[in-house]
Chemist: 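To start, I am sharing the structure in question, which I have written as structure tokens.
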Amino acid sequence: MSALPRARDDEHQSSDDQAWVPEACTLPTVERPLRLSEFDDLFATASRDQQRLSPTALRLRLDRTAETTARELTGGESSCCSFFSFAFTEDGNGLRLDVQVPAAHVEVLDALAQRAAARMAA
């Protein structure tokens, strides 16, 4: 995710996208566009709904068929941006992905929510 920049209509990453990447992110710069694209694909194909639980918590509802992909992406993201916390829960309506960040990284979660919403609507 590399701090998931604001949602954009095009598929190209700009220097504005990089402005959202916090110093805590250890993902090499060259790999960030690919990670962003992978999350965009997940949002576009498997995200069904989102709910902002608090300024530091976001819940995404995903299609169950995307569980493996979502777990791989969030695992990779946790390794480069350790401030993210991801938790998966299955319920009667699909797969819930709860995302939490510390208060210092609320802007990153804001960007994630915006990007997910834009891709779900596309």
Side-chain angles (χ1 to χ4, degrees):
M1 260 183 290
S2 305
L4 286 170
R6 354 173 241 268
R8 295 166 41 99
D9 290 333
D10 61 52
E11 294 296 321
H12 303 288
Q13 191 174 29
S14 72
S15 60
D16 286 344
D17 290 344
Q18 292 302 314
W20 286 92
V21 179
E23 290 182 29
C25 182
T26 62
L27 186 68
T29 303
V30 70
E31 294 179 26
R32 292 175 184 173
L34 176 60
R35 176 74 55 84
L36 183 60
S37 176
E38 291 171 331
F39 271 97
D40 283 349
D41 288 346
L42 177 68
F43 296 148
T45 61
S47 292
R48 302 297 175 243
D49 189 26
Q50 70 170 301
Q51 178 184 10
R52 192 64 177 258
L53 303 175
S54 74
T56 60
L58 174 70
R59 175 169 291 158
L60 296 167
R61 187 163 307 282
L62 305 174
D63 186 278
R64 279 190 186 95
T65 62
E67 183 173 3
T68 300
T69 299
R71 286 185 181 275
E72 288 173 359
L73 285 172
T74 57
E77 194 62 24
S78 292
S79 68
C80 67
C81 293
S82 61
F83 58 86
F84 274 114
S85 170
F86 299 102
F88 290 88
T89 307
E90 274 200 53
D91 64 20
N93 296 318
L95 182 67
R96 282 192 337 232
L97 170 56
D98 289 331
V99 185
Q100 291 190 307
V101 298
H105 295 291
V106 167
E107 287 183 348
V108 176
L109 193 60
D110 292 343
L112 171 73
Q114 290 170 5
R115 191 147 198 114
R119 296 308 183 249
M120 281 189 280

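Computed from heavy atoms alone, side chains included, the values below leave out hydrogens, waters and symmetry copies. Throughout, numbering of the chain's residues begins at 1 and tracks the sequence.
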Chemist: Using 30° and 60° as the class limits, which term best fits the ring planes of F86 and F84: parallel, tilted or perpendicular?
Modeler: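 Ring orientation of F86 relative to F84: parallel.
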Chemist: Within the side chain of S82, is there an N or O that forms a donor-acceptor pair under 3.5 Å with the backbone of S79?
Modeler: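 It does not hold such a pair.
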Chemist: Less than 6.0 angstrom from the centroid, inside 45 degrees of the normal: does R71 satisfy that with respect to the ring of F88?
Modeler: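 Because its charged atom sits under 6.0 Å from the ring centre and within 45° of the axis, R71 does stack over F88.
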Chemist: Hey, mind stepping through V101 and E107 against side-chain contact (heavy atoms from CB on, under 4.5 Å) and telling me if it holds?
Modeler: CA-CA 10 Å; V101 298; E107 287 183 348; over 6 Å; no
Chemist: Under a 3.5 Å distance rule, please check whether S37 uses its side chain to pair with a backbone N or O of P33 as donor and acceptor.
Modeler: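 The answer is no, because no donor-acceptor pair under 3.5 Å joins these two groups.
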Chemist: Would a hydrophobic clustering, with Ile, Leu, Val, Met, Phe, Trp and Tyr connected at side-chain separations under 4.5 Å, put M120 with L97?
Modeler: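 Shared cluster, no.
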Chemist: So, for L62 and S47, which heavy atoms are closest and what is the spacing to 0.1 Å?
Modeler: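 Looks like CD2-OG, 3.5 Å.
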Chemist: How long is the gap from CG on L58 to CG on L60, to the nearest 0.5 Å?
Modeler: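 Rounded to the nearest 0.5 Å, the CG-CG separation comes to 4.5 Å.
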Chemist: Working to the nearest 0.5 Å, report the span between CD of E67 and CD of E72.
Modeler: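 Reported value, rounded in 0.5 Å steps: 11.0 Å.
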Chemist: Could you tell me if the side chain of L53 sits less than 4.5 Å from the side chain of Q100, heavy atoms only?
Modeler: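 A side-chain contact under 4.5 Å is absent here.
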Chemist: Can you list the residues that meet the salt bridge (Lys or Arg N to Asp or Glu O under 4.0 Å) rule with D98, with sequence neighbours excluded?
Modeler: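 In terms of salt bridge (Lys or Arg N to Asp or Glu O under 4.0 Å), with neighbours along the sequence ignored, D98 is linked to R59.
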Chemist: Can you tell me how far CZ of R119 sits from CG of D41, rounded to the nearest 0.5 angstrom?
Modeler: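 So the CG of D41 and the CZ of R119 are separated by 9.5 Å.
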Chemist: Identify the heavy atoms of P102 and T56 that sit nearest to each other, and give their distance.
Modeler: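 Of all heavy-atom pairs spanning P102 and T56, the closest is C-CG2, 4.1 Å.
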Chemist: How far apart are the closest heavy atoms of R61 and N93, and which atoms are they?
Modeler: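 Result for this residue pair: CD-O, 3.5 Å.
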Chemist: Nearest heavy-atom pair of L109 and P55: which atoms, and what distance?
Modeler: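 Result for this residue pair: CD2-O, 3.7 Å.
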Chemist: What pair of heavy atoms forms the shortest contact from L95 to R64, and how long is it?
Modeler: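 Looks like N-CG, 4.2 Å.
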Chemist: Where the side chain of Q50 meets the backbone of A113, is there a donor-acceptor pair that is under 3.5 Å apart?
Modeler: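 Present.
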Chemist: What's the spacing between T69 OG1 and F39 CZ if we round to 0.5 Å?
Modeler: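 Here the rounded value is 10.5 Å.
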Chemist: Under 3.5 Å, is there a donor-acceptor pair between the side chain of R35 and the main chain of E38?
Modeler: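 Flag not set: sc R35 to bb E38 has no pair under 3.5 Å.
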